[in-house]
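Reading through the structure tokens given below for one structure.
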Amino acid sequence: MKSLSVGSIALLLSTIITTTSGAGLGKPVLAKSKVRQLLQYYQAAYDNPLVLPSASKVAQVAWPKFNVPLTCTIESQRIGCMPGKLQAYNVTYADCPNEPWTFCYCESSVTTLSLEKQIHFVGQIPVGARIWVRTFHSLPNYQNVAAYAVGSDIAATSDFSEGFVTLLHELIHVLDRSGSENSAEWAKAVKDDSCVITEYANTSLTENYAELGTLLLLDIIDPEGMARLKAGLKAENLSLDCLSNQWNYVDKTLRGRLVTGGTCGKRIDLQSKPVWTVPRLQAFIDQIHTWLGKRDVGQYYDVDPKDVKVIWD
């Protein structure tokens, strides 16, 4: 479910079909484009606030210092954000005024995605899809992974230089709770088609589903842009017909959750109840290492279980 470069969807519009062999799906791929101007139809839609606006933030409330959701504690420990650097916030959007989302932010010099930028990107997610996500994380760079999804949580470990599509790819993984991306019907659709959308899509059925899902949102929010994209492909004697079975399957299983507009209903997953209170001694140790000029991310120190208390809110 991890994504090395979710924006590999930027390889979407190719001028030639090239055969990809070896590991993964082994399908021909729409390769890197000579007509990169066609990409403007795709990228510009997600960057245009008139096409895909971000929901207004109406509140941002910090959790008490040293208190963070358990899910954030687990991920920060794995990646190397010291406990004293982790801060949780509840962010409320205008399209879901009674249900905030929790953001866990590692206040580190090597956390490249700012909290405000992530809040903006998350606000672009259609609220009907956003309600499926529990927690968003901004963490230090991790093994050159741009972002990844774990259950109902999405973590960003890059600056999202490739834009909203990075987050969107991981969202598709979260939305697929019914197992569409691993179903026999999806596997058959891929088998029956003659290409996949990107090189990264060719790595597995699950990544292929998420990559194609990012294009589906363009079709939903900017049909005219999608039409121009197809016309540009046609001018190069290309089309998306080589993946028509995949497109129909993704459209059938995903479109209903990506429809824009409206307000939220009941959140699918609220914040997990356990909240870990980081021992103040641990935070003090973190601060000492900062004063000594140590990196502010790195080893996560073992904490005696008796010093960790889990409270229920």
Side-chain angles (χ1 to χ4, degrees), residues 1-36 38-39 41-43 45-46 129 144-149 154 158 160-220 225-226 229-230 232-233 236 238-255 257-258:
M1 302 269 298
K2 294 180 181 179
S3 175
L4 292 175
S5 179
V6 179
S8 58
I9 191 71
L11 302 178
L12 168 63
L13 302 174
S14 73
T15 55
I16 59 172
I17 297 290
T18 59
T19 300
T20 301
S21 59
L25 303 180
K27 304 287 289 187
V29 177
L30 286 173
K32 191 171 183 178
S33 178
K34 294 178 183 177
V35 285
R36 294 190 64 84
L38 294 179
L39 290 172
Y41 304 138
Y42 181 88
Q43 295 170 329
Y46 294 157
N144 295 318
V145 173
Y148 62 92
I154 296 177
S158 73
F160 276 22
S161 59
E162 292 164 336
F164 173 73
V165 71
T166 308
L167 176 63
L168 179 58
H169 175 106
E170 301 307 326
L171 174 70
I172 303 304
H173 287 312
V174 172
L175 292 178
D176 184 40
R177 297 189 173 196
S178 60
S180 299
E181 59 188 15
N182 281 311
S183 71
E185 186 179 358
W186 172 237
K188 184 179 186 302
V190 175
K191 180 180 178 181
D192 290 347
D193 282 341
S194 59
C195 76
V196 292
I197 195 72
T198 66
E199 292 177 5
Y200 191 57
N202 211 26
T203 60
S204 70
L205 287 172
T206 57
E207 299 305 343
N208 186 20
Y209 185 87
E211 289 284 82
L212 196 53
T214 59
L215 181 60
L216 178 65
L217 184 60
L218 174 66
D219 191 51
I220 294 171
M226 188 70 170
L229 183 153
K230 290 179 178 179
L233 283 174
E236 298 294 327
L238 294 170
S239 77
L240 299 177
D241 291 346
C242 63
L243 47 80
S244 60
N245 291 295
Q246 296 168 74
W247 178 263
N248 291 337
Y249 180 82
V250 169
D251 185 58
K252 177 180 71 173
T253 57
L254 191 60
R255 180 177 290 267
R257 294 183 182 173
L258 288 177

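Starting from 1, each residue takes its place in the sequence as its number.
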Legend entry - Within-4.5 Å side-chain heavy-atom neighbours: Val196 and Leu243: no

Inset, instruction - Could you tell me which non-hydrogen atom of Leu218 sits nearest to which non-hydrogen atom of Met226, and how far apart they are? - result: CD2-SD, 3.9 Å

Inset, instruction - Determine whether Asp193 and Ser244 make a side-chain contact, defined as any pair of heavy atoms from C-beta on separated by less than 4.5 Å. - result: yes

Legend entry - Approximate separation, where rounding is to 0.5 Å, of Leu215 CG and Thr198 OG1: 10.5 Å

Inset, instruction - Specify whether His169 and Tyr200 have parallel, tilted or perpendicular ring planes, treating 30° as the upper limit for parallel and 60° as the lower limit for perpendicular. - result: tilted

Inset, instruction - Output the distance between atom CG (Asn248) and atom OG1 (Thr253), rounded to the nearest 0.5 Å. - result: 10.5 Å

Legend entry - Interatomic spacing from CG in Leu212 to CD in Gln246 - rounded to 0.5 Å: 6.0 Å

Legend entry - Closest contact, heavy atoms only, Trp186 versus Leu205: NE1-O, 3.0 Å

Legend entry - Shortest non-hydrogen contact between Gly213 and Val250, atoms and distance: CA-CG1, 4.0 Å

Legend entry - Rounded distance (nearest 0.5 Å) linking atom CG of Leu254 with atom CG of Leu216: 5.5 Å

Legend entry - ring-ring contact (aromatic ring centres under 6.0 Å, His included) involving Trp247 - partner list, sequence neighbours excluded: none

Inset, instruction - Give, for atom CG of Asn208 and atom CD1 of Ile197, the distance between the pair rounded to the nearest 0.5 Å. - result: 8.5 Å

Inset, instruction - Check Ala149 against Val174 and note the closest heavy-atom contact, atom names and distance. - result: CB-CG2, 3.9 Å

Legend entry - Interatomic distance, Ile172 atom CD1 to Leu217 atom CG [nearest 0.5 angstrom]: 7.5 Å

Inset, instruction - With the side chain counted from C-beta on, respond yes when His173 and Glu207 share a heavy-atom pair under 4.5 Å apart, and no when they do not. - result: yes

Inset, instruction - Write down the atom of Tyr249, the atom of Ser183, and the distance for their closest heavy-atom approach. - result: OH-OG, 2.7 Å

Inset, instruction - Kindly say whether Ala201 contributes a backbone atom to a donor-acceptor pair with the side chain of Lys27 at under 3.5 angstrom? - result: no

